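As C-alpha cells, the structure follows; a few thoughts come after it.
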Number of protein chains: 2
Amino acid sequence: MSDLAGRNGNRNRRATLKDVALASGLSQSTTSRALSGEGYVAEAARQRVLAAAEQLGYVPHAMARSLRKQVSRSVGVLVSDLRNPFYADLAAGIGAQARARGYTMMLVADQGLEEEQLSAAQAFVGTRAAGVIVTPLSAAVPQYLLSQQIPVVEVDRHFLPQACDSVTIDNETVARRITEHLLSLGHRSIGLLIDETAWTTGEARMAGYTHALEDAGLEVDRGLIIAAGSDVTAARAAVVDMLARRVRPTAMFAANNLLAEGLWRAAHALGLRIPEDLSIVSFDDAEWMSMVEPGITAIAQDAVALGEAAMDQLLDRIADPDAPPAGIVLEARIVPRGSTAAPGGSH
Amino acid sequence: MSDLAGRNGNRNRRATLKDVALASGLSQSTTSRALSGEGYVAEAARQRVLAAAEQLGYVPHAMARSLRKQVSRSVGVLVSDLRNPFYADLAAGIGAQARARGYTMMLVADQGLEEEQLSAAQAFVGTRAAGVIVTPLSAAVPQYLLSQQIPVVEVDRHFLPQACDSVTIDNETVARRITEHLLSLGHRSIGLLIDETAWTTGEARMAGYTHALEDAGLEVDRGLIIAAGSDVTAARAAVVDMLARRVRPTAMFAANNLLAEGLWRAAHALGLRIPEDLSIVSFDDAEWMSMVEPGITAIAQDAVALGEAAMDQLLDRIADPDAPPAGIVLEARIVPRGSTAAPGGSH
DNA sequence: CGTCGATCTGGGATCGTTGCCACAGGCTTG
DNA sequence: CAAGCCTGTGGCAACGATCCCAGATCGACG
C-alpha cells in the first residue's frame, strides 16, 4: 500500500512535524491537527499534509508526544525468567494484548533477584510507563511503583491484596484437589517438593496440601516436605537425597514445573518406576509432561490467558485510577495422566 | 539502603528537576549538573541536590532526556513467537545483555505475520529506538528501519547480508553433518520435514540436507520432503500422511523443534518404534528431547548466546554507525541421543 | 594592581509535540 | 445590519530535561 521507505532513503535527518509543515506550506498547528484528526482542518489542507507526511516518511515522535500530552503508551512488564515457559507464555499473553490495544511492552526478566527487580522498576518510572505488570518477589516493588503513582497489576503472586490489582489462580483449592486425588488413590505418605513458602503461591500451594491431608485425618510429616531452590539440578539433588532413604513416600507433589522436572529426573536416576514405585503430580503443565511415558498428571494453568487478563486489568485501572482494587482469579484444571496410580505397584 | 519510596507517598505529582532545584535552592542548571556529574559543581551544592533528590524520590524523565539529547536508551526486539522456547531464550539473552548495558528492551512477538512485523517496526521508529534486533520474515523490515537511519541486527535469519549486521549459525554445514550422521548409520531413505525454504534458515538447512545426499551419491527424492506449516498439529498431520504410505523412509530429519514435536507425536500415534522403525533427528534442541525415551538426537544452538551476541553487535553498531556490516556466525553442535540407529531394527 | 585562568552558578534556548487562544472570514438570524 | 456562530488558520507557551554561554568570585602571577 504505502511506501514505507517514504522515498527518503537519501536524507540523513529523520523527518519532523516542522518538515511536514514546511513541505505542505502550512503551520505546525494545522499540520498537527491534520495528522491527529482533532480539531478543524479543511479537507484540501488535510490531503496536502497527508501527502507531504507520506512523502517524507514521517513518523511522529512518540516521546515528544508523551512528554507534551503527559501520557505514555508503553507498559512495563517484570517477570522472573523468560526461559521458564510459564513466564514466557505470560509475557506472550501480555504482549499480544498490549499490541492489540496500541501499547508498547518494555520487558525485563529479573532472574528472581530482588535487587534487579527494584532497579527495573526504577527504569520503568524513568520512562514514565503508563503501568506495570509484575510477578513480584516481595511487596517492595508494587509499593514503590504505587508510591510513584504508577498503576500496578500483580500477576501469579500477590503481596498487596488491599492496595493492588491482581490476577492469580486459586492455588490453594487446586493444590488441595490434586492432593485429594492422590489420597483417593490410596496414598498415605505424600511428599511435597516446593521452592518457597513466603510468596503467596508457595504459601497457598502448601496450605492446600496440608489441609487436604488434615481433612483426611493424616498428620503432616515435615520430613516429607522439601524446600529446594527453584532450579532443576538443585531440585533433583534434594529429591535424590530424600528418595534414597529407606522409608519413602509413595507419591510426590512438585509445586512447579522446574521442580517437577528435577523430581522426574531424580526418579529416573534412582531407577524408580512411575507410577508403580512412585506417583508424581506437578503444579504447572509443561510440554514434556505429555510426551514422557507415562505422562505426568499436572495442574494446567493457562499462562497466556493470565497475561491477557492482567493487561486488560491494567488498562482498566489506567482508565479509572480511583476504582477499588480488584483481584481476578482464573481457573486452573487438573490434567490426569499416567503418572498417578494406587500405591504398591497394583497396576 | 536508600528509601525508594522517597518519603513522598502523599504527594500527587511526580517530582521533576525543577522541584529538586527549588528544594535545594539552586538553579535547574546546577541541579542538572549535580545529578549528571558533568561540569563544575561545588561539593556542598552537590550534596544538597542529592539529598533533595533522594528526599523527593526524584527519578529523571528518560523521555525528556532522550528528546533533548537526541539519543535513546532503548532497543526494539522483534521475534516470531515467545511461546517457542527458541525465541524465548533469544529474547532472554538479548534482554539480559540490554539491561547489563543500561538499555531498556521493547519486545514484540509478531506471530510470523509480515503485517504485524511492519507495524511493530513503525512503532519502534515512533519511539526512536536506538536500534532494533529482528528475526526478519523478509527484507522489508530491515530495509525500512535502515531507511529510517535505525541500526538493525538480523538474527537467526538474514536477508540483507551486504547492508545489515547479523548473528546466525552455519545452518547448512550443521544440517549437512547431521544428515551425514544418518547416512553413516546406513540410512538411504531420509525424509525431511521443513516449514519454509524461503528464509535463509530453511533454505540453508535444506541445502545441507541435499548436498549431503548428493555427496553420498544419492538422488534427492522430492517425495520425501514435506513442507508443513510451522506448528505442531499441522506437522503431525503431514507426517502421519507420509509415514502411513507403504514405503516410508527409515529416518526423518525435522528442521526445527516444533516440527520435531509433530514428527515425534506422529510416530507415536502410528505405533512406530524409535529408532528401530524410524530414526529421528531434530534441528533445535528442546527440553523434552532429553526426557523422552529414547532421547532425540538434536542440533543444539545456544539461543541465549545468540541473543547476547546480537545485542553486543547492535551496541557496536550504534557506537560506530559507519563500520562495514559484519555477519557473526556462532557454533552449533550435534547432541547424539538414542533416537538414531542403523535402519532395520538391528538394535 | 591589572590580567588571566580556574571554579562555580544561573539564564535561556532547544529537542518535537500539542493545545489554548486570537483572529479572520463567511454565514445565519432576529 | 449588528450580533452571533461555525469553520479554518497560525502564534506561542508549555512538557522535562540538557547545555551553551555569560557573568561572578577568587587566587595567582607578571
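All values below come from the heavy atoms of this structure, side chains included, with hydrogens, waters and symmetry mates left out. Keep in mind that what you see is a predicted model, and the values were worked out from it rather than measured. Chain letters run A, B, ... following the sequence lines, proteins first, then strands; residues in each count from 1.
- Ion pairing between a basic and an acidic side chain is recognised when a charged N comes within 4.0 Å of a carboxylate O; B:Arg101 and B:Asp312 show such pairing.
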- Task: Starting from the C-alpha separation in whole Å, work towards a yes-or-no answer on side-chain contact (heavy atoms from CB on, under 4.5 Å) for A:Glu114 and A:Ser119.
- Result: CA-CA 9 Å; A:Glu114 179 92 34; A:Ser119 87; over 6 Å; no
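- The pair B:Asp110-A:Arg99 does not meet the salt-bridge criterion, since no charged nitrogen lies less than 4.0 angstrom from a carboxylate oxygen.
- Remark: the backbone N or O of B:Val155 is not paired with any side-chain donor or acceptor of B:Ser166 at under 3.5 angstrom.
- The distance between atom CZ of A:Arg14 and atom P of C:dG16, rounded to the nearest whole Å, is 10 Å.
- For A:Asp165 (side chain) and A:Ala326 (main-chain N/O), a donor-acceptor pair under 3.5 Å exists by modelled atom type.
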- Note on the structure: Once base and sugar-phosphate atoms are separated, protein heavy atoms under 4.0 Å mark nucleotides 5-14 of chain C, 5' to 3', with B, S and - as --BBBBBBBB
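- Without hydrogens or angle criteria, A:Arg157 side chain to A:Glu154 main chain gives no donor-acceptor distance under 3.5 Å.
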- Task: Check the pair B:Ser29 / B:Ser32 against side-chain hydrogen bond (donor to acceptor under 3.5 Å, both in side chains), numbers first and verdict last.
- Result: CA-CA 5 Å; B:Ser29 307; B:Ser32 171; over 6 Å; no
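- The side-chain heavy atoms of B:Leu35 and B:Val49, taken from C-beta on, include a pair separated by under 4.5 Å.
- Here the C1' atom of nucleotide C:dC15 and the NE2 atom of B:His61 are 13 Å apart, to the nearest Å.
- Close approach of DNA chain D to chain B, defined as any atom under 4.0 Å from a non-hydrogen atom of the protein, starts and stops at D:dG16 to D:dC19.
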